[in-house]
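We use all heavy atoms of the structure for the numbers below, so side chains are in, but hydrogens, waters and symmetry mates are not.
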Amino acid sequence: MTDVFETSWRAPEIEVMEALRGWAVAFAELNQHMASWMDLPTTDAQALGQVLWAASDGDPLSPARLGQRIGMTSGSVTVLVNRLEAAGLLERSREHTDRRRVTLRPTAAAQERARAFTETSVTEMAAALHETAPSDLASSTVFLRRMVEAATAAADRLRAGRPPAADG
C-alpha cells in the first residue's frame, strides 16, 4: 500500500488501517446485498439497519440521531423515514415525557426480513468469530471501541470546524 497517511505511522499501524478499510468495504458490500434482499435503495437499507441495531440494543434512535449516523440532513431523513414508514418497515412513536421527541422503531415485518437476511448472510462471519479465541475477541473489542471513539471525536471536531490538536 502506498503511504497516503502520515509518514510517522509505523508499518503495523498502516496494516491495521488497511485491514479496517478492507472490513469497511466488505461490510458495505453486505449492506448492498441487504438492500437488494429487502428491495430497498441502499440508503434506506442502511438507515433501517441503524434503526434495527439501535432498537436491539435498547437505545432506539430519533430521526436526528439517525441522520447523524448516516450523514443526512433532517429534511432528507424525514423523506427517508416517510418512505420506510409507508413500506411498513418503520414506526414513529412518542415514548418520552417530551411528546415532541420522536423515536424510530422497526416493525415486526422489518425485523423478520432482516432476520431472514442475516440467517443467509452471516455464516462465514459467525464461523470466524467462533474460531477466534475469546482473549483475541476481547482485545479486538477494546481496540475497535478505541477506534470508534477516535473517529467519533474526529467527526465531532470536523463538524465543529475545529483544527486538529497539536499532538495529533
Side-chain angles (χ1 to χ4, degrees), residues 1-72 77 80 84 87 89-91 103-159 164-165 167-168:
M1 170 182 131
T2 304
D3 184 4
V4 295
F5 301 110
E6 193 67 34
T7 57
S8 63
W9 285 23
R10 299 174 305 214
E13 295 166 339
I14 293 170
E15 288 180 43
V16 165
M17 292 304 293
E18 184 64 17
L20 288 170
R21 184 203 59 79
W23 165 251
V25 169
F27 191 74
E29 186 175 358
L30 283 174
N31 281 335
Q32 290 170 345
H33 285 288
M34 181 178 147
S36 293
W37 175 278
M38 297 188 82
D39 197 28
L40 293 171
T42 303
T43 303
D44 291 22
Q46 181 186 18
L48 183 58
Q50 290 294 325
V51 171
L52 285 158
W53 273 108
S56 72
D57 285 345
D59 187 23
L61 297 175
S62 67
R65 282 181 54 210
L66 175 61
Q68 185 178 14
R69 287 190 179 185
I70 63 173
M72 292 181 83
V77 168
L80 183 148
L84 290 174
L89 299 172
L90 189 77
E91 296 173 338
T103 300
L104 304 175
R105 296 233 180 235
T107 62
Q111 291 171 329
E112 184 54 40
R113 288 173 69 185
R115 186 176 298 108
F117 173 76
T118 300
E119 288 173 358
T120 65
S121 66
V122 300
T123 304
E124 295 82 358
M125 287 186 292
L129 287 168
H130 295 316
E131 294 167 3
T132 302
S135 60
D136 289 342
L137 292 173
S139 295
S140 297
T141 301
V142 169
F143 168 72
L144 290 170
R145 285 185 177 146
R146 284 184 190 148
M147 292 302 289
V148 168
E149 288 173 10
T152 300
D156 290 346
R157 178 181 49 75
L158 291 167
R159 196 174 17 263
D167 62 347

Worksheet item: Sub-3.5 Å donor-acceptor pair from the side chain of Ser139 to the main-chain atoms of Asp136, do we have one?
Response: no

So how far is it from [X] [atom1] to [Y] [atom2], rounded to the nearest 0.5 Å?
X      : Y      : atom1 : atom2 : answer
Met34  : Thr120 : CE    : OG1   : 11.0 Å
Gln50  : Asn31  : CD    : CG    : 8.5 Å
Thr107 : Leu90  : OG1   : CG    : 7.5 Å
Arg65  : Arg69  : CZ    : CZ    : 5.0 Å
Asp44  : Leu89  : CG    : CG    : 9.0 Å
Gln111 : Leu48  : CD    : CG    : 9.5 Å

Looking only at heavy atoms, what is the nearest atom pair of [X] and [Y], with distance?
X      : Y      : result
Phe117 : Leu30  : CZ-O, 3.7 Å
Trp37  : Arg113 : NE1-O, 3.4 Å
Gly67  : Val77  : CA-CG2, 3.4 Å
Ile70  : Ala47  : CD1-CB, 3.8 Å
Ala35  : Thr42  : CB-CA, 3.8 Å
Pro60  : Thr103 : CB-CG2, 3.3 Å

Worksheet item: Got a salt bridge between Arg146 and Glu149, using NZ or NE/NH1/NH2 to carboxylate O under 4.0 Å?
Response: no

Count the heavy atoms belonging to other residues, nucleotides or ligands that lie under 6.0 Å from [atom1] of [X], then report whether that count exceeds 12.
X      : atom1 : result
Asp39  : CG    : no
Phe143 : CZ    : yes
Arg159 : CZ    : yes

Discussion item. Could you tell me if the side chain of Val16 sits less than 4.5 Å from the side chain of Met147, heavy atoms only?
Written reply: no

